[in-house]
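What follows is one structure encoded as structure tokens, with my remarks underneath.
None of these values were measured; they are calculated from a predicted model. A note on names: the letters A, B, ... follow the listed sequences, proteins ahead of strands, and every chain is numbered from 1.
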Number of protein chains: 2
Amino acid sequence: MINYTDILREHNLKATPQRLAIANTLYTNGHITIDSLYEVMVEKFNAISLATIYKNINLMLENSFIKEVKLPNAKSVYELTQAPHSHLVCTKCSAIEDITIDLNSIIDTVTKTSSFKVDSTNLVLSGICKKCSNN
Amino acid sequence: MINYTDILREHNLKATPQRLAIANTLYTNGHITIDSLYEVMVEKFNAISLATIYKNINLMLENSFIKEVKLPNAKSVYELTQAPHSHLVCTKCSAIEDITIDLNSIIDTVTKTSSFKVDSTNLVLSGICKKCSNN
DNA sequence: TTATTAAATGATAAAAATTATCATTTAAAT
DNA sequence: ATTTAAATGATAATTTTTATCATTTAATAA
């Protein structure tokens with residue numbers, strides 16, 4: 001259990017118990033959908049409102065405390081903001097892995113080829129994870 | 001105006017006037033949201049139902065006639081299925097460009113590093129397009 | 001500590017997005 | 001021209017997300 005009080009405040013978010021729990025849920029789960037997050041949160045706060053989940057997710061996105069990851073053929077998942085990275089998604093078991101890939105050479109090529117100034121990247125690689133290829 | 005009758009049939013889709021119009025709208029627009037597609041279609045068929053749009057988009061996705069492109073901070077857009085490619089999205093004017101980028105070296109690295117078998121890629125590069133950097 | 005205040009929460013309504021249902025129409029194959 | 005399975009349009013139902021508002025609470029300062 002990490003104490004996210006200060007980090008929340010750095011992102012201009014009051015450190016409410018609900019938010020601290022959301023932060024820890026994201027920390028322990030890595031990536032989670034709104035639905036699953038709500039399920040987990042209901043166990044911790046039996047009276048939490050779904051509206052609180054949505055409002056906090058949106059605020060946390062606006063304040064860059066978390067990031068949304070849009071996946072092909074699946075609902076978005078949310079993760080704590082970290083260093084920029086890409087994602088591996090297993091089409092068999094739906095597991096999601098973070099992976100740091102150096103995309104600079106690609107960005108350079110794009111800049112030269114198309115005179116488009118790249119500011120950020122979103123890369124999702126779909127396929128079969130290690131576990132599933134062994135089973 | 002391209003005649004998509006045969007191509008639709010190749011994808012196990014009856015060539016209805018509505019579907020032919022959807023195909024042509026995607027062809028001329030390149031990328032379009034559900035909402036915009038509906039607006040365009042209403043001009044061509046004043047009695048078309050939004051349900052028809054949704055049902056066709058879903059069928060066309062299932063039959064790989066079209067692809068969904070998930071964009072950061074925006075609604076999904078749909079495009080005719082083409083050779084695999086990536087997307088450039090301008091954060092100023094929201095323009096979307098197709099771009100073919102060779103990701104094989106990256107895929108190779110991932111395979112070796114993480115023993116994850118990559119089957120498909122989804123790459124969106126956000127930034128400033130040529131037009132907007134000049135204005 | 002306690003008091004103050006702006007913000008967060010929970011309950012719920014409202015809105016938006018998507019899917020389901022079904023009678024009617026139509027594309028495609030006799 | 002006939003037949004039939006599928007598509008369409010109208011609309012209801014469901015799902016997802018946002019808005020509203022009374023109450024509670026975190027954060028700040030006295």
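Note on B/I34: nothing from the nucleic acid sits closer than 4.0 angstrom, heavy atoms only. Counting any heavy atom pair closer than 4.0 Å across all strands shown, B/A47 reaches sugar-phosphate atoms only and no base atom.
C/dA28 atom C1' lies 14 Å from atom CG of B/L8, rounded to whole Å. The separation between B/E68 atom CD and C/dA17 atom P is 15 Å, rounded to whole Å. The distance from atom CG of B/N56 to atom P of C/dT18 is 15 Å, rounded to the nearest whole Å. If you measure from atom CZ of B/F45 to atom C1' of D/dT8, you get 11 Å, rounded to the nearest angstrom. At whole-Å resolution of the value, CZ in B/R19 and C1' in D/dA7 are 6 Å apart. One can place CD1 of B/I22 at 13 Å from C1' of D/dG9, the figure rounded to the nearest angstrom. A/L37 places its CG atom 15 Å from the C1' atom of D/dT17, with the value rounded to the nearest Å. Spacing between atom CG of A/L50 and atom C1' of C/dA8 amounts to 16 Å, rounded to whole angstrom units.
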Any protein N or O atoms within reach of nucleotides 14-16 of chain D? Criterion: under 3.5 Å, listing atom names and distances.
from, atom 1, to, atom 2, distance (Å)
D/dT16, OP1, A/K75, NZ, 2.8

Please tabulate, one pair per line, each protein N/O and nucleotide N/O from nucleotides 23-30 of chain D that are separated by under 3.5 Å, including the distance.
from, atom 1, to, atom 2, distance (Å)
D/dA27, OP1, A/R9, NE, 2.9
D/dA27, OP1, A/R9, NH2, 3.1
D/dA27, OP1, A/A15, N, 2.9
D/dA27, OP2, A/R9, NH2, 2.6

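Between the side chain of A/H31 and the main chain of A/N29, no donor-acceptor pair closer than 3.5 Å is present. Counting only distance, with no hydrogens or angles, the side chain of B/N24 and the backbone of B/L20 share a donor-acceptor pair below 3.5 Å.
One finds the CD atom of B/E10 at 11.0 Å from the CG atom of B/L13 (value rounded to the nearest 0.5 Å).
With 3.5 Å as the limit, one finds no donor-acceptor pair spanning the side chains of A/H85 and A/E97. For the residue pair B/K44 / B/T25, a side-chain donor-acceptor distance below 3.5 Å is found, with atom types taken as modelled. No side-chain donor-acceptor contact under 3.5 Å links B/Q18 and B/T52. Judged purely by distance below 3.5 Å, without hydrogens or angles, the side chains of A/H87 and A/N122 never pair a donor atom with an acceptor atom. A donor and an acceptor atom, one from each side chain of A/N3 and A/T5, are located under 3.5 Å apart.
The shortest non-hydrogen separation linking B/G127 to A/D119 is CA-OD2, 3.5 Å.
Distance from the side chain of B/K55 is smallest to D/dT8 among D/dT8, D/dA19, C/dT9.
Listed pair B/N58 / C/dT19 meets the phosphate criterion, a side-chain N or O lying under 4.0 Å from OP1 or OP2. Under 4.0 angstrom from either OP1 or OP2 of C/dT26 there lies no side-chain N or O belonging to B/Q18. Listed pair B/N12 / D/dA6 fails the phosphate criterion, with no side-chain N or O lying under 4.0 Å from OP1 or OP2.
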